[in-house]
Amino acid sequence: MITYGSRDKIFLLSGKNYSYCMYVNRMGILQHLYWGRKIAAADACFLKAQRGVAAEPSEGDRNADMATGGMPQELGSFGRGDFRSATVVVRRKDGAAMSRFCYVSHKIVKGAVPLAGMPCVRKADETLTITLRDALSDIELDLNYSVSEDSDILVRNMVVRNAGKEAAEVEKAFSFCTELPDTCGTRSALRLAGAWASERKPIVTPIAEGSLRIESLCGYSSHAMNPFLAVLSEDCGEESGECYGFNLLYSGSFAITADVSSEKSIRVQGGVNDCLFGWQLKSGESFVTPQAALCYSAAGLGGMSRAYHDFFRENIIDPKRVYVRRPVVINNWEATYFDFDNEKLCSIIDAAAQLGVDTFVLDDGWFGKRDDDTSGLGDWFVNKKKLKGGLKAVIGHCKEKGLKFGLWFEPEMVSEDSDLYRAHPDWAIGKAGVEPCRGRNQLVLDFTRREVVDYIFETVSKILRENEISYVKWDKNRDITENYTASLPADRQGEFWHRYTLGFYDLAERLTKEFPNVFFEGCAGGGGRFDGGALYYFPQIWTSDDTDGLERTKIQWGTSVCYPVSSMSCHVSACPNHQTQRTTPFATRGAVASLGATGYELDLTKLSEEEKAQVREQIANYKQTDELVLKGDLYRLSDPFCTNYFCEMLVGKDKTRAYVVGERFRGDPCDHDRVLKLRGLDEGKTYTVKELNVTASGAALMGAGLFYPRLPDCGSWIWHIEEVR
Ligand code: DGJ
């Protein structure tokens with residue numbers, strides 16, 4: 001619900017469990033008042049009297065401008081007394097960049113406000129738009145806030161509009177800014193940092209005076225840093241205490257910053273990375289920033305995660321695809337790499353059919369001239385020398401065996417040794433006369449250019465139209481360098497990164513619309529583009545190239561801080577693991593993979609009879625629990641980063657069923673017989689834990705708990721829990 005009190009000029013926005021409050025002060029500045037547990041309109045007036053007015057200069061104060069430096073604000077401006085980092089910087093034609101944005105008007109509309117060409121929240125109850133204006137530059141800002149009664153997520157973005165007569169240059173335009181007051185407690189920040197094969201590991205650091213900045217400069221959200229930051233209060237734990245989440249629904253180069261002022265309030269803001277950014281606005285033109293999903297949780301990190309999971313499933317991921325039962329796939333990448341022919345693929349398909357797998361996904365190497373990673377990208381035509389009878393032969397074999405067929409593409413890339421590059425060398429990103437940096441021997445296509453996106457749309461569509469393909473894996477295997485496009489003049493090169501991202505969204509939008517029955521899986525050299533923007537198009541994303549039974553627990557744990565388990569592709573692969581060289585039990589790899597959209601990524605023809613029996617069992621188990629993976633609530637029970645165990649639990653929304661998966665990492669003579677308290681059950685219900693033959697109340701399972709099982713190194717367990725009626 002959104003209310004405006006015209007006497008006090010207070011905006012009060014309330015969602016499921018939170019309220020967010022701001023007011024227009026005497027100077028016309030939009031001051032931040034409060035964000036936390038739900039409060040009533042009358043409380044907002046008290047907050048204004050106590051917090052807001054205290055920060056305001058008194059009437060007629062000649063030095064009032066300098067007071068803006070200490071005010072908690074909804075927007076940081078530059079050069080007019082606020083010395084913390086700005087949310088927006090616009091340079092006028094005369095070179096001046098100072099601004100003070102003041103309230104002009106507001107409106108409250110039903111529903112969400114769609115963003116053309118960018119991922120955005122698909123539904124909301126109401127949206128508040130507050131228009132501010134800088135009198136010096138005639139730049140106007142629309143600050144948008146969307147709320148839903150049933151959600152703890154507040155969606156924000158900003159539109160920058162040139163309402164003046166002369167052109168201006170936007171040098172920075174973040175999506176949101178908010179201020180968390182000093183609570184006399186130490187606060188810390190949680191980020192999801194990583195690397196290839198080691199994505200989204202939670203790192204917690206103190207927040208202190210000065211600036212904390214997380215960012216990507218790679219042209220996409222990146223393996224190294226997810227576009228997400230959480231600010232945690234001192235008492236924040238897994239299921240208790242306060243935390244604030246900031247998640248950018250954006251897949252390009254981003255930045256999120258937390259600045260602590262001398263007044264000790266924390267200004268958190270973020271958006272398109274302002275490094276090298278510039279956007280020209282002629283008179284009447286606007287720049288629309290991506291949306292950000294802000295979350296307040298009084299139920300710790302777990303509460304925040306569940307709020308994000310519901311939000312991504314209900315409001316971001318395509319409703320036609322989000323709850324589609326995920327096919328159990330066999331992907332041939334780690335089974336064959338580039339080295340396959342019809343015979344090899346058919347043998348894997350045959351084995352898959354006997355084991356109950358649903359879909360065969362043909363990975364890299366089926367097109368152009370592609371026997372290694374030095375050639376072929378961009379030539380999306382089947383290599384008939386390698387695949388006799390083309391895709392149709394493989395698809396025909398799948399059909400005969402009762403499997404569906406999926407195909408890998410890397411639409412944004414080009415190899416120099418390809419027909420596409422020979423015909424259009426200028427379509428690759430780069431600057432004439434500068435030797436391009438190569439990554440995995442490939443270059444990136446210039447998706448700022450419409451004709452390049454059109455061409456890729458046509459060639460990929462042709463393959464999808466002419467063949468029975470139900471699943472597409474969309475990969476991206478290198479960072480963007482050179483950051484230059486010949487399609488823009490010298491003074492507009494600052495638009496490059498964001499325009500590239502818009503090109504990616506354009507292709508994703510067109511392909512997912514054109515082929516509504518195809519299921520799209522995102523991927524970027526593993527989980528390098530796992531963000532809220534990508535989830536808008538890809539309901540599922542390849543979580544990481546690291547499928548090791550131990551390391552994966554950490555990657556999936558970290559990913560689940562924001563993203564639902566249904567969005568994580570989780571495969572069982574061979575041992576020794578190709579990335580870590582570690583050997584873990586087959587059952588453990590299966591158990592960990594069952595906490596996501598499960599699949600296989602190994603040569604099924606090489607499995608022993610015992611392993612084959614396990615695959616059958618794993619698939620049968622998965623088909624019993626996939627409803628919980630798609631729709632359940634996640635509770636993280638045992639942290640793989642700081643304990644000897646990993647344990648997570650999925651609970652159905654009606655609390656009649658739950659599914660627990662755990663793993664013990666190392667033998668430790670003294671760590672068994674410890675109590676594992678379950679979570680999320682109904683205290684008043686009675687449940688059975690099938691594997692333990694235990695019947696107990698929800699209160700007992702959560703309050704007294706169960707013992708961790710005794711297991712060898714990397715041993716795992718699965719518990720199916722059901723209500724006894
Ligand atoms: C990187 C992906 O993460 C892998 O799963 C595989 O598709 C390769 N690319 C293929 O080149």
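Because the structure is a prediction, the values reported are computed rather than measured. Counting starts at 1 for both ligands and their atoms, following the listed order.
- The distance from ligand 1 to the heavy atoms of Asp545 drops below 4.0 Å at these ligand atoms: 1 (C), 2 (C), 3 (O), 4 (C), 5 (O).
- In this structure, Lys404 does not pair ionically with Asp358, as no charged nitrogen and carboxylate oxygen lie closer than 4.0 Å.
- Remark: ligand 1 atoms within the under-4.0 Å shell around heavy atoms of Gly525 are 1 (C), 3 (O).
- Residue Trp408 has at least one nitrogen or oxygen atom sitting less than 3.5 Å from a nitrogen or oxygen atom of ligand 1, judged on distance alone.
- Of the protein's non-hydrogen atoms, the one nearest atom 6 (C) of ligand 1 is Asp363 OD1, 3.4 Å.
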(request) Assess whether side chain to side chain donor-acceptor pair (under 3.5 Å) is satisfied between Arg213 and Asn273, documenting all intermediate values. (result) CA-CA 11 Å; Arg213 181 179 173 100; Asn273 200 322; 2.9 Å; yes
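- Per-residue contacts place Trp542 under 4.0 angstrom from the following atoms of ligand 1 (heavy atoms of the residue considered): 3 (O), 5 (O).
- At a 3.5 angstrom cut-off on N or O pairs, Lys473 counts as close to ligand 1.
- Considering only heavy atoms from C-beta on, Lys473 stays 4.5 Å or farther from Ser569 through its side chain.
- Tyr220 and Asp479 are linked by a side-chain donor-acceptor pair at a separation below 3.5 angstrom, with hydrogens and angles left out of the test.
- Annotation for Gln581: atom CD counts as buried by contact number, over 12 foreign heavy atoms lying within 6.0 Å.
- Between Phe504 and Trp474, the ring planes are perpendicular. Angles over 60° get that label, and only those under 30° would be called parallel.
- For atom 9 (N) of ligand 1, the closest non-hydrogen atom on the protein side is Asp475 OD2, 2.7 Å.
- Using the six-membered ring where Trp is involved, Tyr308 and Phe228 have ring planes that are perpendicular, over 60° apart on the 30 and 60° scheme.
- When heavy-atom distances to ligand 1 are checked against a 4.0 Å cut-off, Asn477 comes that close only through its side chain, counted from C-beta outward.
- Considering backbone and side-chain N/O of Gly526, one or more are found under 3.5 Å from N/O of ligand 1.
- In summary, Lys344 and Asp339 do not engage in a salt bridge, as defined by a charged side-chain N under 4.0 Å from a carboxylate O.
- Close to ligand 1: Arg440, with a non-hydrogen atom less than 4.0 angstrom away.
- Heavy-atom contacts of Cys523 reach the following atoms of ligand 1: 2 (C), 3 (O) (cutoff under 4.0 Å).
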